[in-house]
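Take a look at the structure below.
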Amino acid sequence: MEGIIHRTLPVNGINMHIAEKGQGPVVILIHGFPELWYSWRHQILSLAARGYHAVAPDLRGFGDSEAPPSAASYSILHIVGDIVALIDALSEDQVFVVGHDWGAVVAWWLCVLRPDKVKALVNLSVAYSPRNPKRNTVDGIRAIFGDDHYICRFQEQGAIEAEFEQIGTATVFKKFLTYRTPAAFIVPKEKGFADSLETPASLPSWLTEEDIDYYASKFEKSGFTGGLNYYRCMNLSWELTAPWTGVQVKVPTKFIIGDLDLTYHTPGVQDYIHKGVFKKMVPLLEDVVVMEGVGHFINQEKPHEISDLIYDFIQKF
């Protein structure tokens with residue numbers, strides 16, 4: 001894509017694939033599930049054209065980056081460690097960071113654990129969620145949504161991989177990327193993913209068959225287990241992060257979410273974002289943008305608007 005360069009760097013004991021373009025201050029773009037560096041294709045080009053060095057890794061377990069076999073190798077400390085090592089490998093002291101979905105979770109925790117590494121943060125879709133010391137993450141989700149919530153269903157090793165294989169990788173991506181229901185993602189075992197998520201008759205204007213083919217080709221090679229291990233490691237991450245219970249994010253921050261995003265309709269989230277608690281936990285939160293009529297995969301659905309919002313914020317620093 002228009003001069004994007006690909007290379008592999010040794011970071012934190014794994015080989016990490018990155019896509020990059022441009023010269024200038026570094027912006028690290030961190031993707032979510034089930035995604036790749038490719039989710040940031042539009043932002044890479046836009047930021048590079050405006051004088052930044054845009055760097056989008058495939059996170060461990062995804063795409064062309066290495067995938068350690070043990071689920072225990074995907075804790076938030078491992079993933080944040082990879083990003084810190086990437087910053088060092090780029091010979092940078094501080095960078096701008098942009099995260100989406102799981103990438104937003106990683107970016108929040110990067111700012112908790114190593115705020116010295118981040119000049120400013122733009123996070124999409126997932127607000128900072130302070131650690132609940134009373135209940136582990138998966139049990140907390142199960143208490144609200146029941147056993148059929150997708151995160152609970154993701155816990156069983158091999159089961160979801162088998163369902164995805166049966167559906168077909170390209171169809172999995174069509175189902176996920178076009179999901180626009182502003183409600184929790186529930187997957188009853190008796191229905192499975194094939195029947196719980198609609199397959200669109202045609203793709204939306206922002207998503208092409210070529211895009212689907214790119215994702216599918218990479219996931220057919222790597223499988224989904226690496227990405228699913230992020231979910232399977234949630235309780236371990238909860239245990240490991242006990243020392244940081246109650247810690248604020250003290251990095252200049254902008255937060256962007258779509259009003260059709262399923263995360264925006266998690267019980268209590270809108271009150272948390274808009275009634276002061278989010279600002280209390282992220283005291284340098286400068287702006288919250290709620291985009292109307294936009295779903296979860298916001299950086300792909302509204303690429304130009306998101307690129308502009310990122311640039312407008314980071315260019316102040």
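Numbering of residues begins at 1 and proceeds along the displayed sequence.
- Using a 4.0 Å cut-off between charged nitrogen and carboxylate oxygen, D148 and K189 do not count as a salt-bridge pair.
- Looking only at side-chain heavy atoms (C-beta outward), S237 and Y74 stay at 4.5 Å or farther from each other.
- Sparse packing is recorded around CD of Q166, with 12 or fewer heavy atoms of other residues, nucleotides or ligands lying under 6.0 Å away.
- The residue from Q155, R153, R142 that alone fulfils the side-chain hydrogen bond (donor to acceptor under 3.5 Å, both in side chains) condition with D147 is R142.
- Ring pair Y264/H274 is perpendicular by interplanar angle, where above 60° counts as perpendicular and below 30° as parallel.
- For the pair R7 and E20, the salt-bridge criterion is met [side-chain N within less than 4.0 Å of a carboxylate O].
- A salt bridge between E209 and K174 is present, with a side-chain N of the basic residue lying under 4.0 Å from a carboxylate O of the acidic one.
- Considering only heavy atoms from C-beta on, L47 comes within 4.5 Å of I314 through its side chain.
- Between W108 and F278, the ring planes are perpendicular. Angles over 60° get that label, and only those under 30° would be called parallel.
- Using cut-offs of 30° and 60° on the angle between ring planes, the pair Y38 and Y215 is perpendicular.
- Under the 4.5 Å side-chain criterion, counting only non-hydrogen atoms from C-beta, I298 is not in contact with I257.
- With hydrogens and angles left out, the side-chain atoms of T8 and N15 include no donor and acceptor closer than 3.5 Å.
- For the pair E35/W40, no side-chain contact is recorded, criterion being any heavy-atom separation below 4.5 Å from C-beta on.
- Remark: the S75 side chain and the H78 side chain contain an N/O donor-acceptor pair separated by less than 3.5 Å.
- Going from atom NE2 of H53 over to atom CD1 of I44 covers 10.0 Å, rounded to the nearest 0.5 Å.
- Tested against F33 for a ring-ring contact (aromatic ring centres under 6.0 Å, His included), the candidates W102, F154, Y150 yield a single pass: F154.
- Under a 4.0 Å N-O distance rule, the pair K302/D308 does not qualify as a salt bridge.
- To the nearest 0.5 angstrom, E92 atom CD is 8.5 Å from I28 atom CD1.
- For F185 and F176, the gap between ring centers is short of 6.0 Å.
- Looking at K218 and H17, their side chains never come closer than 4.5 Å, going by heavy atoms from C-beta outward.
- We find that E210 and R41 are not joined by a salt bridge, their nearest charged nitrogen and carboxylate oxygen being 4.0 Å or further apart.
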